Undergrad: 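The structure follows.
Just so we're clear, the structure is a prediction, and the values are computed from it rather than from any experiment.
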Protein chains: 2
Amino acid sequence: MKEQKIPKETIKRLPLYYRCLNRLVVLGKDTLSSTELSEYLGIKPTQIRKDLSYFGDFGTRGVGYDLRKLFKEIESILNLERSWNIAIAGVSNIGCAIMDLLDFNHSGFNIVAAFDSDNRVVGSNIYGITIQDLDNLKECTADEPIDIGIIAVDPVDAREVANCLVDKGVKGIVNFAPTLLNLPKEIEVVQMDLTSELGWLVFYIGHR
Amino acid sequence: MKEQKIPKETIKRLPLYYRCLNRLVVLGKDTLSSTELSEYLGIKPTQIRKDLSYFGDFGTRGVGYDLRKLFKEIESILNLERSWNIAIAGVSNIGCAIMDLLDFNHSGFNIVAAFDSDNRVVGSNIYGITIQDLDNLKECTADEPIDIGIIAVDPVDAREVANCLVDKGVKGIVNFAPTLLNLPKEIEVVQMDLTSELGWLVFYIGHR
DNA sequence: TTTACATTGTGATAACAAACACATAAATTA
DNA sequence: TAATTTATGTGTTTGTTATCACAATGTAAA
Ligand SMILES: NC(=O)c1ccc[n+]([C@@H]2O[C@H](COP(=O)([O-])OP(=O)(O)OC[C@H]3O[C@@H](n4cnc5c(N)ncnc54)[C@H](O)[C@@H]3O)[C@@H](O)[C@H]2O)c1
Ligand SMILES: NC(=O)c1ccc[n+]([C@@H]2O[C@H](COP(=O)([O-])OP(=O)(O)OC[C@H]3O[C@@H](n4cnc5c(N)ncnc54)[C@H](O)[C@@H]3O)[C@@H](O)[C@H]2O)c1
């Protein structure tokens, strides 16, 4: 291992390794080779080893990796040892699906607040979280800091909501609305955009 | 313009250009420079010009691009002139959100079938589509071919459903379940995976 | 018509990422 | 204990993508 700039693509693969390892731990496996992992993930073993080597020498030559140890290492690299507070804006289909997903997985991502502008849902309780009015987002002084905001509101409202979330101090945003957000560059933004994905998908499907 | 391999990253940006252009057309704009588009999208103007130049000379030097013409060109490149038939598997939160989104946008993506295994929803009608039992997916001889399948079922069922969809002849799959699909390589797969995205997001948020 | 200016298209270069070849080291076998 | 096998870690090479510099070409003003 050598100090070196770590490719973004490497970081993006780590969560895949992490989840796969997690499942194998649950299945009671002990040791794992890069070749075996590569068969599960469809990622070449040399790629996996190179990715891991940016962070340390986790394996044993001739043997492979200690599954639990490697899992813990990746957990630590990704900052998944601590838990992260999440606020959800827009508690309709997508918003509920996410509350469902994160609550069920108790994955270290805690939903600490949920907001909606629809009076019919404000005040109701989902998974132990009381849905607040969006104005509360603007004004509330949260007990716990919110680390990440997830936007699942109507596309026309996404930008305003994003700005509110940034004002509240979130460091990252996941945006399900097909709306480009113009945020300070220190805020990490993940755009989950079905229509765009379909767009490039049909390019490739059509060219065969 | 010259015959040349087109970067995948270029293809992935085209839908962003496409949507932005669409909005500007609606706003009644006529002409657009790469610099202006770059301000909307946060993509460098040279990048935009290079991307477009793989497909032809669409602009006029000193002037810019004819908005409508460029829009039509990109539509044609991405194969969005024709419409695409989509089947949805799993009509719960995510499935409904997608039916909602695609139905509302009438975007050239037509939902022609929807499947679920839950007897309580099978037979009910959403947006004019009757939810069918998953067994129907295995047996039905569809009137219209299904081009793309969207998977929004429970993670443990995703693989089986994916195989059914492939048997039915889909050329591409969008998978919302956090499950890796092992499909023939000629099937294009888009993995929409919130947990993985959160994984790499917190890496970067944590390292500041 | 000439000059100044705006904007595109592209070859060349730089930055980034993946793949490869092989040195290294542990385990197993003879 | 030597030879063989297995599997990691990494410097080098190859491939891909972004950026840059600038020639080409159009518009508008002098
Ligand atoms: N990325 C994807 O895969 C994908 C798929 C489907 C839909 N979407 C998008 O996700 C978003 C949510 O879709 P949906 O079907 O779950 O929701 P929806 O469109 O049914 O409703 C949006 C919800 O947000 C609330 N809302 C609207 N404005 C708000 C505001 N300013 N503050 C707080 N809450 C507000 C509404 O009251 C409603 O509950 C939409 O933008 C949609 O286009 C994305
Ligand atoms: N990518 C993301 O952003 C994201 C976010 C939230 C949830 N998810 C995932 O999306 C999927 C759907 O989540 P949800 O909350 O909409 O649904 P859900 O988990 O509430 O229910 C799944 C639906 O699929 C149906 N189903 C289950 N097995 C099926 C089968 N074999 N054939 C047909 N239908 C079947 C069920 O009857 C139910 O209607 C889950 O896998 C979830 O983990 C993804």
Undergrad: Think A:Y65 has a side-chain N or O under 4.0 angstrom from the OP1 or OP2 of D:dG9?
TA: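 Yes, such a contact exists.
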Undergrad: Identify which nucleotide among D:dA18, C:dT24, C:dA26 has an atom closest to any side-chain atom of B:R13, counting heavy atoms from C-beta outward.
TA: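 Nearest nucleotide to the side chain: D:dA18.
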Undergrad: Report the distance from atom NZ of B:K44 to atom C1' of C:dT8, rounded to the nearest whole Å.
TA: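 It is 18 Å, rounded to the nearest whole Å.
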Undergrad: Which nucleotide in the list C:dT24, C:dA18, D:dT17 gets nearest to the side chain of A:R61?
TA: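 Nearest to the side-chain atoms of A:R61, counting from C-beta on, is C:dT24.
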Undergrad: Does a side-chain heavy-atom distance below 4.5 Å link A:D116 with A:V153?
TA: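 Answer no - side chains too far apart.
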Undergrad: What is the distance, to the nearest angstrom, from the CD1 atom on B:I6 to the P atom on C:dG9?
TA: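 Atom-to-atom, B:I6 to C:dG9, this comes out as 15 Å.
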Undergrad: Just checking B:K50: base, sugar-phosphate only, or nothing, at a heavy-atom cut-off of under 4.0 Å?
TA: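 The residue B:K50 makes base contact.
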Undergrad: Is there a side-chain polar atom (N or O) of B:T60 under 4.0 Å from OP1 or OP2 of D:dG26?
TA: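 Checking D:dG26 against B:T60, no side-chain N or O comes under 4.0 Å of OP1 or OP2.
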Undergrad: Quick check: on DNA chain C, is the nucleotide nearest A:D51 upstream (toward 5') of the one nearest B:G62, or the reverse? Name the residue that is more 5'.
TA: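 The answer here is B:G62.
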Undergrad: Consider the side chain of B:D57, meaning its heavy atoms from C-beta on, and name the nucleotide among C:dT24, C:dT10, C:dA18 that approaches it most closely.
TA: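 Output: C:dT10.
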Undergrad: Report the distance from atom CG of A:D66 to atom P of D:dA7, rounded to the nearest whole Å.
TA: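 Distance, rounded to whole Å: 16 Å.
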Undergrad: A:L52 has an atom CG; how far is it from atom P of D:dT10, in whole Å?
TA: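 After rounding, the reported distance stands at 11 Å.
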Undergrad: Just to confirm, is there a sub-4.0 Å distance from OP1 or OP2 of D:dT17 to any side-chain nitrogen or oxygen of B:Q47?
TA: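 For D:dT17, neither OP1 nor OP2 has a side-chain N or O of B:Q47 closer than 4.0 Å.
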Undergrad: Check whether any side-chain heavy atom of A:W84 lies under 4.5 Å from a side-chain heavy atom of A:N79, and answer yes or no.
TA: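 Yes - at least one pair of side-chain heavy atoms lies under 4.5 Å apart.
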Undergrad: For B:S34, which contact category applies under a 4.0 Å heavy-atom criterion: base, sugar-phosphate, or nothing?
TA: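 Touches sugar-phosphate only.
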Undergrad: Start with the C-alpha gap between A:R19 and B:D193, add the side-chain angles, then the distance that decides, and say whether side chain to side chain contact (heavy atoms under 4.5 Å, CB included) holds.
TA: CA-CA 11 Å; A:R19 182 157 59 213; B:D193 187 342; 2.2 Å; yes
Undergrad: Hey, which of these two, B:F58 or A:T46, hits DNA chain C nearer its 5' end, going by closest nucleotide?
TA: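 Per heavy-atom nearest nucleotide, the more 5' residue is B:F58.
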Undergrad: When you measure from the side chain of B:S53, which nucleotide among D:dG26, C:dG9, C:dA17 comes out closest?
TA: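 Nearest nucleotide to the side chain: C:dG9.
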Undergrad: OH of B:Y17 versus P of C:dT8: gap in Å, rounded?
TA: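 Whole-Å distance recorded here is 13 Å.
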Undergrad: Would you indicate, yes or no, if C:dG9 has its OP1 or OP2 atom less than 4.0 angstrom from a side-chain nitrogen or oxygen of B:R49?
TA: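 Indeed not, no polar side-chain atom of B:R49 lies that close.
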Undergrad: When you check the gap from the basic side-chain N to the acidic O, do B:K72 and B:E75 get nearer than 4.0 Å?
TA: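 Salt bridge present between B:K72 and B:E75.
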Undergrad: Nearest-Å distance, CD1 (A:I11) to P (C:dA18)?
TA: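 In whole Å, C:dA18 P lies 12 Å from A:I11 CD1.
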Undergrad: Return the value, rounded to whole Å, for the distance between atom CG of A:L67 and atom C1' of D:dT8.
TA: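 Rounded to the whole Å, the gap is 16 Å.
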Undergrad: Could you state the CG-P distance from A:L32 to D:dT6, rounded to the nearest angstrom?
TA: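 Rounded to the whole Å, the gap is 17 Å.
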Undergrad: Parallel, tilted or perpendicular: which fits the ring planes of B:F55 and A:F203, with parallel below 30° and perpendicular above 60°?
TA: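 Rings of B:F55 and A:F203: perpendicular, as their planes differ by over 60°.
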